[in-house]
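Everything below concerns the one structure shown next.
Remember, it's 1-based here, ligands and their atoms both numbered in the order they're listed.
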Amino acid sequence: MNVQTTTFPVPHQAHGHDHKCRLCGSQVETTMVDLGMSPLCESFVPPEQADAMEPFFPLHAYVCGECFLVQLNEYVAPEAIFEEYAYFSSYSTSWVAHAEDYCRMIRDRLDLGPQSKVVELASNDGYLLQHFLPMGVPVLGVEPAKNVAQVAIAKGIPTRVDFFGVELAEALLKEGHAADVIAGNNVLAQVPDLNDFVAGIERLLKPEGVVTLEFPHVLRLIEFNQFDTIYHEHFSYFSLITIDIMAKRHGLKVIDVEELSTHGGSLRVYLAKQDSSREVLPAVAELIARERAAGLDTLQAYTIFGEQVKRTKRALLSFLIEAKEAGKSICGYGAPGKGNTLLNYCGIGPDFLDFTVDRNPYKHGRLTPGMRIPILPVEELDRAKPDLVLILPWNLEREIVQQMRHIADWGGKFVVPIPEVRVIDPREIKL
Ligand SMILES: [Zn+2]
């Protein structure tokens, strides 16, 4: 999701096969899925570096047998990934609308006003906090990427450029920023020191304050075979079972949970201090029971997933090989991070895809990391008229099929790779 402008960061720390769980400290030995060696999925290769080497790191997801945190070893310093983003949340209109809905909901639910304080961690360009300004609710953003934070500051949103943890929480407390609400959307997966981050949250929270965290749900990842959402920049993948363990370790409790459709299926969890008067709603026990029924408190559910991923790779390759043997031309649509996990793991290069297209001009003229597939503007599809268009951001399938249905004019069809390979003929779709 985040486009990285620094080219090739240096390896951070390699643990080998011996490592401790990022959350509970147990020895982690069980492989969930091994996606082989892969480059950083947001390191799009500029044309002048087309002949240069590119670092590859193991893309190997393990699962902890104690707390069931799915985790990757950390190979690249977060500073290298996050100091300069080319990703601005406000570019996505649906994401901004999602944020606005959240702000209204949380204001009403917690009765926020001029006496309150909302702190957002990884506040990006202020896409969320901006909605509190007209409501008169004081806010503070925390954002490590300076260029993105400056956009928020220019909008009038107080923003601290820093990484969040206990140290920063203490400093913010001294400056009077104790929080009624702490929000963290899609940040938890990218936190290398999870315990320091959550301990910081607990420190900064007022006694009756509420924390909301949103993150992709590992149950959906397994159920819908979303293995391509695993990449180096995402160190951790959570079930509610794991979140519950994490909360208890830090004097917090899960009081509510909602399932969202964002990012292929996310959770929004609500946390409060263990000794706060806030009640635990039935949704929490209900979802934990569903996760147990799916086996997420056993290692088996995770290791079965690894086998399913290998079958998916073989099925997708069989389909593409058959199409090429039949003389068909294939192009990609989109160059998202998840696409690069899929392409590298399956070994799908320019011998299968002539090129891919993307709406983000930053990517035009660059090559996908590892597989080195050229990325062109969307209009190039109309010129090339390929027989098949492989949709890489499958979470946007509906939107892309609607926007690009005119490929039917030359007999083109869409291919969706996940959860399993599927062909969509736009002529058969009713408006
Ligand atoms: Zn653990």
request  = Please confirm whether Arg109 makes a cation-pi placement over Tyr270, using NZ or CZ under 6.0 Å from the six-membered ring centre and within 45° of the ring normal.
outcome  = yes
key: Residues Glu307, Lys310: salt bridge by 4.0 Å N-O rule   = yes
ask   = In terms of side-chain heavy atoms, does Asn225 have a donor or acceptor partner in Gln308 at a distance below 3.5 Å?
value = yes
task = Spell out the protein N/O/S atoms under 2.8 Å from the Zn ion (ligand 1) as residue plus atom name.
result = Cys21 SG, Cys24 SG, Cys64 SG, Cys67 SG
request  = Flag the pair Phe44 / Pro369 as yes when at least one side-chain heavy-atom distance between them is below 4.5 Å, and no otherwise.
outcome  = yes
Salt-bridge contact Arg104-Glu100 (side-chain N to carboxylate O under 4.0 Å) = yes
ask   = According to the interplanar angle, ranging from 0 to 90°, do the rings of Tyr102 and Phe132 count as parallel (below 30°), tilted (30 to 60°) or perpendicular (above 60°)?
value = perpendicular
